[in-house]
Structures are given as structure tokens and as C-alpha cells.
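A short write-up of the structure that comes next.
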Amino acid sequence: MSVPKVPPKRPEGLLFEQSTPGKRGCEVPAAQVPAAAPLDPRFTRETIEGFPELSEREVVRHFTRISRLNYGNDEGLYPLGSCTMKYNPKVNEKAARLEGFAEAHPLVPEEAAQGSLRVLSELERFLCEIAGMDAFTLQPAAGAQGELTGIRMVRAFHESRGNPRQVVLIPDSAHGTNPASAHLCGYRVEEIGSDPRGCVDLPHLRERMSEDVAVLMLTNPNTLGVFETEIGEICRVVHERGGMVYLDGANLNAFVGVARPGDMGADVMHVNLHKTFSTPHGGGGPGSGPVGVKEPLARFLPVPRVVRTEAGYRWRSDFPDSIGRVHAFHGNFGMVLRAYAYILANGAAGLREIAETAVLNANYVRKQLEGTYHLPYSSPTLHEVIFSDRNLEKHGVRTLDVAKRLMDYGFHPPTIYFPLIVKGALMIEPTESEGIRELDAFIEAMIRIAREAEEDPEILRTAPHSTPIGRLDEAAAARKPILRWTPAASKGEA
Amino acid sequence: MRYIPSSPGERRRLLEAIGLRHAGELFDSIPREFRLERPLSLPDPMPEADLVEHLRGLSEQNLDPREAAVFLGAGAYRHFIPAVVDHLISRSEFYSSYTPYQPEFSQGTLQAIFEFQTLICQLTSLDVANASLYDGASALGEGILLAHRARRRRRIVAASTVHPEYLKVAATLTSRLDLRIETLPSGADGLVDPGRLAQSLDPETAAVVIQQPNFLGRLEEVEPIAEAAHRAGALLLVVVNEAVSLGLLKGPGSQGADAVLGEAQSLGVPLSFGGPYLGFMAIRSDFLRELPGRLVGQARDGAGRTGYVLTLATREQHIRRERATSNICTNQGLCMLAASIFLATLGKQGMRDLADLNRARAEYAKSRLSRIPGCRIPHGGPTFNEFVLELPREAKPLHRALLREGIVAGLPLADYFPERKRDLLLAFTEVNSKSQIDRLAEALGEAR
């Protein structure tokens with residue numbers, strides 16, 4: 001059993017509260033040139049009001065202390081279903097910091113950036129092979145931006161044939177960004193229900209599919225961790241009426257090297273590099289959401305595109321049908337580079353082993369916990385398994401309480417309350433980065449918590465007990481939001 | 001595989017526990033017709049030592065940043081980054097954590113975001129800032145959507161001196177919505193003419209967009225522009241893509257800006273060939289309910305202790321789904337953290353000194369370069385660390401010639417404005433030493 005970390009002895013005040021006039025953490029280089037004549041005061045500020053003044057020592061201590069209030073994947077299991085928190089190989093961090101990459105300006109002439117362009121070009125080729133697609137763009141800076149890019153291309157495709165169509169079909173279990181992205185492309189969203197297995201309700205899809213549907217957005221394996229077994233038929237139904245299939249590749253992790261979305265009939269898809277290819281998620285970002293397409297959509301890809309010529313790698317923007325640009329420069333190159341390193345480190349065999357181990361681990365957790373926790377869907381599990389709090393209700397304990405109590409056992413809680421179609425959902429995704437020892441420790445903690453729910457539910461309802469801070473009143477925080485420090489507010493608290 | 005901790009024996013135990021004999025059976029739910037019957041066609045796995053060697057080799061196919069003299073800006077700026085920045089963001093508690101969905105286990109990230117929100121408010125002189133957006137361009141796109149929602153009007157007037165790529169990204173983002181972005185040409189001085197702007201506004205205009213310093217490096221007079229926009233009932237959105245300028249220039253919020261949208265890559269984030277960068281958005285509190293992206297607020301626990309939580313999530317796509325007005329999901333957490341550490345380290349005086357130093361270097365370059373016969377500064381007047389230099393002949397061949405000497409002489413503006421064939425956009429920061437600037441001046445003098 002992992003040991004909960006010892007909370008720091010005192011809370012860490014804000015940067016601003018530790019500031020003392022006259023201190024500084026860094027000197028700037030000597031000017032070497034004469035001082036410039038002062039600017040007209042119409043343009044300049046006297047000072048930056050309230051800005052911190054600290055020594056380097058204090059800055060280091062402050063951020064080190066607040067880092068200790070965080071739980072990271074390097075510390076232990078982080079089983080956030082659908083978020084895929086896996087190990088971030090350290091060599092990738094080294095790769096991203098190589099000076100030739102880290103200090104490359106995005107607007108240098110092509111001949112001065114051949115190394116970076118080659119990385120972009122090769123990763124595009126790798127992703128095409130992995131996904132079974134014909135072309136990729138690496139511009140989108142996150143999965144949600146990838147969705148928007150993909151749907152925009154679908155819209156451009158339909159427009160080129162004279163009718164953009166009006167509707168996007170999305171299963172009720174989808175990520176919340178799917179409908180939002182479709183909406184931003186000017187589409188009306190219609191929901192498709194799930195059947196008892198947790199898959200797309202095929203009769204419902206047949207009924208709703210029409211010449212007005214531009215695209216079906218499908219997450220496969222879906223957010224229940226279940227593979228859409230009827231994917232071939234789903235694609236046929238959509239294609240027959242001239243629609244396209246968008247595959248949300250958030251869960252590619254579960255079958256990388258085993259099967260390819262392009263072979264199943266997907267016309268367009270995005271890949272979250274951090275999920276399948278291990279780029280770190282840094283407390284909420286950066287992400288990267290490359291989009292792959294089949295040939296009929298390739299002419300709509302964002303510009304510029306990197307091409308390989310006899311004279312080396314070049315940027316090309318002369319694609320008149322392109323939807324335009326989605327990033328100021330070339331996307332999140334630092335993330336692309338890490339994913340490229342990860343694919344090279346693993347090779348084909350390694351990628352397949354990732355899928356096998358991720359699925360194996362999820363099924364092991366399922367096997368050990370079913371019976372103790374309620375399993376709302378009994379379909380075969382791929383990379384993540386969903387439980388619900390139904391067995392605990394009689395003790396007055398809910399999913400949130402289980403999640404909070406897990407922290408006392410030293411584990412980050414799973415994703416909770418998602419997908420929306422499961423009441424009191426607990427979505428566990430161990431990923432391939434865990435060995436049997438860590439899995440067993442987690443399972444033991446989950447079983448103990450279920451026992452506590454019976455014997456001492458209060459200890460769950462008031463959890464966590466060993467964290468630096470207790471349950472926070474989120475409702476009060478939203479009613480009277482304090483969204484920044486101000487000198488007056490800090491006095492009020494003292 | 002080195003990243004997977006299970007031994008073959010342990011894998012067998014796991015398989016047995018779930019009642020399977022072969023790993024292949026794990027995928028029985030995937031129809032056989034779709035299963036790949038061959039290995040992916042990818043290079044063989046590389047041991048770490050070979051991988052490092054391969055990547056180093058590729059990095060050396062790029063221009064050597066230590067030997068070259070690069071005077072490129074145009075929305076991405078090379079600055080010195082204090083060692084503490086990389087050291088602290090490399091702490092695994094920060095970089096190997098996720099979105100702070102569980103506040104009790106994520107106070108470090110949450111407090112850092114709260115501090116970032118405060119720092120951005122202070123720099124921009126505005127009331128509220130979010131936890132960051134993908135990049136400066138997406139910040140502008142989201143700013144335009146915000147103005148569209150807040151004013152329920154469909155026309156956006158943007159100065160032609162807003163970063164051209166930002167305008168393209170905003171156009172892609174908004175092209176299928178009921179709004180249009182029009183550009184307003186700048187005057188011969190490279191600035192927005194407030195009189196001409198006022199005439200172009202109508203009751204359908206939701207927002208005026210300008211950039212400070214603008215894409216040509218010139219400093220706009222924000223107040224008259226703000227007055228013109230407000231008189232027409234439109235918001236003023238100010239784009240900032242060189243955040244170091246805010247160490248010296250007035251926060252646009254104090255000059256009437258309703259929102260400041262920008263790129264904070266300059267604050268401790270490496271160039272990295274264009275990303276990941278750090279979009280930011282600060283607004284007047286009147287528009288809080290329209291603000292996209294994550295927000296962190298202060299909260300209290302049962303014992304009365306102060307902590308931090310994600311808040312006002314009802315604005316987001318998690319709840320509103322198909323009615324959502326933005327699909328923004330992630331933020332740029334690690335870049336946001338880098339910027340906070342950078343700003344805390346430089347501090348109040350350091351930011352001013354850095355801005356002054358950048359400007360001093362640029363002013364020195366101006367005086368050196370404008371003395372070269374045939375070269376001139378076409379738009380006189382105040383600039384920050386970037387300006388346009390007009391050459392006696394076409395810029396592109398000259399730019400190419402200088403590259404062979406290891407000098408990247410800024411950006412030939414013809415790349416964005418075809419009529420500006422003789423213009424270079426040059427940027428100078430503290431990493432461009434006096435001797436580098438002298439080298440540029442000499443090389444330009446010889447090559448012209």
C-alpha cells in the first residue's frame with residue numbers, strides 16, 4: 001500500500017503576499033548600447049501595480065512548496081479514465097530541450113530548419129501508418145482544436161459538392177467538446193442514444209441518418225471503454241447517405257498496432273498526442289491534436305503543409321481549397337517532437353504492447369473489483385472500466401466520497417461523473433504504465449473503501465483527511481468568485 | 001519494453017486472473033475483419049542512446065542558434081530564460097499532473113493558475129484573466145467570439161496591422177458563424193487613424209481589434225481608438241504578441257481596452273519552432289460570464305482554510321454541450337507555470353529593466369541601420385523592440401544572401417504584404433548583443 005504523503009506543515013502564501021519592495025530575482029544583461037531617449041509618457045506606465053518583488057531563493061522555495069501540494073503521475077497511479085495519464089519518458093524532455101530544436105524560430109527560412117521540418121514530415125507519415133489515414137496535419141494545439149479542424153474540413157467537403165448539410169450526429173456518451181466543436185462549425189447537433197451494451201444504438205442511427213447529416217462523430221473505443229463492434233455497419237449506414245464518419249481518437253491507446261480507424265471506415269480523426277504518445281500534460285496542457293484524413297478530404301487540410309522535395313523539406317501553402325490556418329505557427333512542435341521520440345523508442349512491437357498492456361490492466365482491475373462495485377455495462381472492456389456507486393447508495397455513500405477517500409490511501413481518484421449516461425460513474429483507466437504491484441495496491445484500497453462504506457460511512461463522507469486541504473466549498477466559490485489577488489482582499493483574510 | 005513495468009511472468013499472471021490464455025483474446029470485441037494482421041510499418045525500436053544520437057543529429061540540421069544572429073520576431077521572440085524556470089517546471093509534481101479536477105490533490109497547479117491570473121491582470125491593467133489559451137492567435141479568435149456574444153452584433157473591424165496569422169486563425173475559427181471580420185487599412189505612418197476608424201464603425205460593429213505594438217512594431221495611440229469604438233457601442237480588443245513590452249508600456253486596460261488578448265511566449269517559454277506557446281486573455285469584469293477557458297477561484301474548506309478550485313464551470317462545454325459557445329478544453333498549464341515563474345523572478349523592476357533593455361537595443365539598431373545608404377525607416381515614431389527597415393532593393397535576395405553568413409535578417413514583409421517588397425521586419429531583444437547588431441549593419445551595408 002502506498003503511503004499518503006505528509007502534508008506540508010503550513011500553507012504557502014501567494015507570491016504577492018511574500019513580496020518585499022526592492023527585491024529582485026534576476027538582473028538583466030548590461031545594455032552595451034546607449035540608453036534610448038525616454039518614450040512619451042502617454043505610452044509608458046510608472047510601474048506594474050502590485051507586481052511581485054522576490055529574490056531567486058524565495059521564488060524557488062515558493063514554487064517548490066506549492067509543487068508539494070500536487071500529485072503527479074511520477075508519484076503513483078493516476079487512473080483518470082478518458083484522460084489517459086501515462087508515464088512520460090524522461091528522454092523526451094531532453095529531446096525537446098536540445099538547443100537546435102528549442103531555439104528554432106518558427107519563421108526561419110526552410111533551409112535553416114531542415115531538422116524540425118523532417119520531424120514534422122516523419123511524424124505525419126508515422127501517424128498515417130498508425131491510423132490508416134492518407135494525410136495528417138500537426139497544426140491543432142489540442143484535441144478539441146483538432147475536432148474543430150476536422151469538422152471544418154468535412155463542412156468544406158460538403159460545401160464543395162454544393163450542400164454543407166445541417167446536422168452532426170453525436171452519441172450521448174461523447175466528450176463534451178464534440179458538440180461544442182460541431183456547433184462552432186455552424187452545425188446543429190443531434191444526439192444518438194446508446195444501447196444496453198453501451199454502444200451506438202444502430203436502429204436509432206438508421207432512423208436519424210439522412211441526406212442532411214454531414215458527419216457522425218464517434219469515439220471508439222467509446223467513453224465506456226467499449227469497442228463499437230458494429231463499426232463497419234455504422235460506417236456503411238452513414239456513407240450510404242453521403243455522410244462522413246469522424247473518429248474521436250482520444251482512446252487510440254486501446255488498439256494502437258492492433259487495428260486502424262482508417263481501415264474501419266473513418267474518414268477523418270484526431271489523435272491526442274499526450275494520450276497515446278505520452279507527451280506530458282503539465283497540469284492541464286499543452287496538448288496537441290493532429291488530424292488525419294482520407295484522400296477525399298486531403299485538399300482541405302490547413303496550410304501550410306510540409307512537403308518533401310529534392311531540395312529538402314519545404315512549406316507549401318498553395319492549396320486553394322484549404323480551410324486556412326488553425327495555429328499562428330506550426331502547432332505544438334515541442335509536443336510533436338516528444339511523440340516522435342516515443343514512437344521511435346517503441347517501434348511497431350512496442351506500440352502493440354502498449355495496447356495489450358493497457359487493456360490487460362483495465363480488465364484486471366475490472367475482474368478484481370466487480371462484485372464489490374457495481375458494473376453498469378458488462379460489455380468487454382478495453383482500456384478503461386466504468387463502475388457506479390449503486391452498491392454504496394444504501395450506506396449513504398456516493399462516488400465523490402469514494403474519490404475523496406482514495407486520496408487518503410495515496411492514489412489520485414479516477415474520473416468521476418463521466419460519462420454522463422452513467423449515474424455516479426467512476427471511470428478507471430490504469431494505462432499500460434502500471435505493474436501488478438501498483439494495481440494490487442489500488443485494488444486493495446478500493447476494496448477497503450467499500451468495506452468502510454458499510455462500517456464507517458462517515459469517514460468517507462468527510463474525506464479526505466490526510467491532504468493539505470479538506471473539501472472545498474465550490475458552490476460558495478462560484479457564487480462570489482474571487483479570481484485574483486488584490487491587496488484589499490488579502491487584508492480581509494488576515 | 002522499457003516504459004512498461006510488467007515482466008512476462010507478471011503478464012501471464014494478469015492474463016490468468018482474467019481467464020485468458022493469450023493477449024490476442026483481449027481484442028475479441030474488435031471484429032476480425034478490422035484487425036491488423038501485420039506489424040505497423042515503423043522503424044525498429046531505438047535504445048535510448050541511439051534515440052538521443054538520432055535526435056541530436058536532426059537538431060543539428062537546424063540553424064545553430066549559438067552561432068547564428070537571428071533578428072526575427074513577428075509574434076515569437078527569443079529571450080533569455082533564467083535557469084529557475086526550467087528547473088521548477090521540470091518538477092514532476094507539475095509536469096506529470098493533469099487538469100486539477102480534484103482540488104485536494106492539485107493545490108499546486110490551482111494556486112499557480114490563480115497567481116498567473118493575477119499577474120496577467122496586473123500586466124494588462126484589467127480585472128479578470130483566464131488560465132490561458134492555446135496561443136495568441138486562438139486568444140484573438142476567442143476574443144472575437146466573446147465580443148460577438150457580449151454585444152450580439154456581427155461585424156468585427158480589425159486593423160490591418162494585427163498579426164496576419166492571427167487574423168487567419170480567427171477567420172478559420174469564425175468562418176461558419178454569423179459574423180464577419182473586416183480589415184481597416186492603416187495610414188502611411190503605420191498606425192490606425194482614429195477618425196477613419198470612427199467613420200467605418202456602424203451599429204452592427206461588435207468590436208474593434210488593434211495590436212500594441214502593432215505588427216509593424218509601431219505603438220498605437222490606444223485612447224482615441226478606444227473612444228471611437230465605445231462611441232459606436234463596440235468593444236476594444238487589444239492584441240499583444242510581445243508580452244515583454246508590458247514591462248514598459250501602459251496596460252491597455254488603463255487606456256480603455258475591454259479585453260487584451262495575446263501571446264506570452266516571451267515570458268519564459270522557448271521558441272520551439274512555434275509551440276507550445278501561451279495564449280492569454282484578460283477582460284473587464286463586465287464580461288466575466290462570456291469568458292472562455294478555465295478559471296480558478298478562491299474557496300474555503302470545512303476548517304476555514306483558503307484553497308483554490310476550478311470555478312464557474314457552467315460556462316463550459318461540459319455542461320452546455322451543444323449550446324456551448326467555445327470548445328476550449330485544455331489550457332497551456334506548463335507554459336502558464338513557466339510564465340509565472342519567469343515573471344516572479346524578474347519581478348517589478350526586472351520587467352521594467354528588461355523592457356528598457358530591449359528597446360535600447362532596438363533604438364541602437366535603428367540608428368545604425370538607418371545610416372546605411374539607401375536604407376530608411378519608413379514609419380518614423382515610437383516603437384518597442386521591433387521595426388520595419390526599407391532597403392534600397394528587393395529584400396528577399398538580400399535576406400537569402402545574409403543567411404549564408406549565419407544572419408537571419410528578420411522577416412521579409414513581402415511574405416505577408418506583397419506590395420512591401422523592400423521591407424524587412426526586424427526584432428531586437430536582450431539576446432541580440434551589440435556586436436551582433438554591428439555585424440548585421442555591416443553585412444547589410446556590404447550586401448545592399
Side-chain angles (χ1 to χ4, degrees), chain A residues 25 28 32-33 36 45 51 53 63 66-67 69-74 95 98 100 102-106 112 114-116 141-142 144 176 179-181 186 189 227 280 282-287 324-325 328-330 332-334 347-348 356 359 363 380 435 467 469-470 472 477 481-482 484-485, chain B residues 5 10 18 23 26 29 34 39-40 42 45 55 58-59 61-63 65 72 88 91-93 95-97 99 104-105 107-109 118 134 137 165 168 172 176 250 270 272-276 297-299 301 307 317-318 321-322 324 327 329-330 332-334 345 347-348 353 360 363-364 434:
Chain A
V28 304
Q32 303 170 330
V33 297
R45 69 202 308 162
F51 227 55
E53 298 177 79
F63 286 99
I66 64 170
S67 80
L69 307 175
N70 252 18
Y71 182 95
N73 183 262
D74 281 0
L98 290 169
E103 302 202 7
H105 193 286
Q114 285 297 300
S116 295
S181 298
V189 172
F227 194 87
R325 207 176 237 288
F329 298 109
H330 319 309
N332 285 348
F333 179 81
E356 284 178 5
V359 175
N363 276 285
T467 50
I469 194 132
L472 290 154
I482 302 174
R484 60 171 291 190
W485 172 83
Chain B
E10 286 169 338
I18 58 173
L26 291 164
S29 62
F34 298 132
L40 290 169
L42 293 171
L55 292 167
L58 287 178
S59 76
Q61 288 175 23
N62 285 346
L63 187 75
L72 264 171
L88 290 166
R91 289 186 64 86
S92 69
E93 297 92 334
Y95 99 92
S96 77
S97 64
T99 302
E104 299 88 344
F105 252 21
Q107 284 298 301
T109 293
T118 306
Y134 308 137
E165 306 295 24
K168 287 182 199 162
T172 308
R176 291 303 175 271
K250 278 186 174 155
S272 196
F273 204 49
Q298 230 168 37
D301 72 0
Q317 30 83 16
H318 303 292
R321 288 175 76 95
E322 68 281 353
N327 74 333
C329 182
T330 52
Q332 298 288 101
L334 211 55
T345 306
K348 190 185 261 184
D353 291 350
E363 290 299 307
Y364 173 73
K434 176 174 180 293

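In what follows, chains are A, B, ... by sequence order, proteins preceding strands, each numbered from 1.
- Interface check for chain A: of the options B:Leu72, B:Leu88, B:Leu42, B:Asp353, the most heavy-atom pairs under 4.5 Å are formed by B:Leu72.
- Most heavy-atom pairs under 4.5 Å with chain A: of the set B:Thr99, B:Leu40, B:Leu63, this distinction falls to B:Leu40.
- When the ring pair (Phe, Tyr, Trp, His ring centres under 6.0 Å) test is applied to A:Phe51, no partner is found at least two apart in sequence or on another chain.
- For the set A:Ala477, A:Gly324, A:Ala112, the entry with the most heavy-atom pairs within less than 4.5 Å of chain B is A:Ala112.
- The ring pair (Phe, Tyr, Trp, His ring centres under 6.0 Å) search around A:His105 returns none, not counting sequence neighbours.
- Between B:Phe273 and A:His330, the angle of the ring planes lies from 30° to 60°, which puts this pair in the tilted group.
- The two residues A:Gly115 and B:Asn62 come nearest to each other via the heavy atoms N-OD1, 2.9 Å.
- Of the listed residues (B:Lys168, B:Arg91, B:Gln61, B:Arg176), the one with the most heavy-atom contacts under 4.5 Å to chain A is B:Arg176.
- Interface remark: B:Tyr364 contributes side-chain atoms only to the contact with chain A (heavy atom separation under 4.5 Å).
- Nearest heavy-atom pair across A:Gly470 and B:Asp301 is N-OD2, 2.9 Å.
- Ranked by non-hydrogen atom pairs under 4.5 Å with chain A, the options B:Leu26, B:Thr118, B:Leu334 are led by B:Thr118.
- Here the side chain of B:Glu104 pairs no donor or acceptor atom with the backbone of A:Thr467 at under 3.5 angstrom.
- Contact tally against chain A (heavy-atom pairs below 4.5 Å) for B:Pro39, B:Pro270, B:Pro65: the top residue is B:Pro65.
- Shortest non-hydrogen contact noted between A:Ile469 and B:Gln107 is CG2-CG, 3.7 Å.
- For B:Glu363, the part sitting under 4.5 Å from any heavy atom of chain A is the side chain, from C-beta outward, and nothing else.
- Proximity to chain A involves both the backbone and the side chain of B:Leu55, based on heavy atoms less than 4.5 angstrom apart.
- Nearest approach of B:Pro5 to A:Gly435, heavy atoms of both residues: CG-N, 3.3 Å.
- Interface summary for chain A: among B:Gly275, B:Ser92, B:Ala23, the most heavy-atom pairs under 4.5 angstrom belong to B:Gly275.
- The backbone N or O of A:Asp74 lies less than 3.5 Å from a partner atom in the side chain of B:Ser96, making a donor-acceptor pair.
- In terms of heavy-atom pairs under 4.5 Å with chain B, the best-connected choice from A:Ala142, A:Pro280, A:Gly287, A:Ala102 is A:Ala102.
- Without hydrogens or angle criteria, A:Asn70 side chain to B:Gly108 main chain gives a donor-acceptor distance under 3.5 Å.
- Chain B forms the most heavy-atom pairs under 4.5 Å with one residue out of A:Gly283, A:Pro481, A:Ala95, and that residue is A:Gly283.
- Annotation for A:Gln32 and B:Lys434: closest pair OE1-N, 2.9 Å, computed over non-hydrogen atoms.
- Side chains of B:Gln332 and A:Asn332 form a contact here, defined as non-hydrogen atoms less than 4.5 Å apart.
- Between chain B and the options A:Arg325, A:Glu356, A:Gln114, A:Glu53, heavy-atom pairs under 4.5 Å are most frequent for A:Arg325.
- The backbone N or O of A:Gly25 sits nowhere less than 3.5 Å from a side-chain atom of B:Thr345 that would complete a donor-acceptor pair.
- Across A:Ala144 and B:Tyr134, no two heavy atoms sit closer than the pair CB-OH, 3.8 Å.
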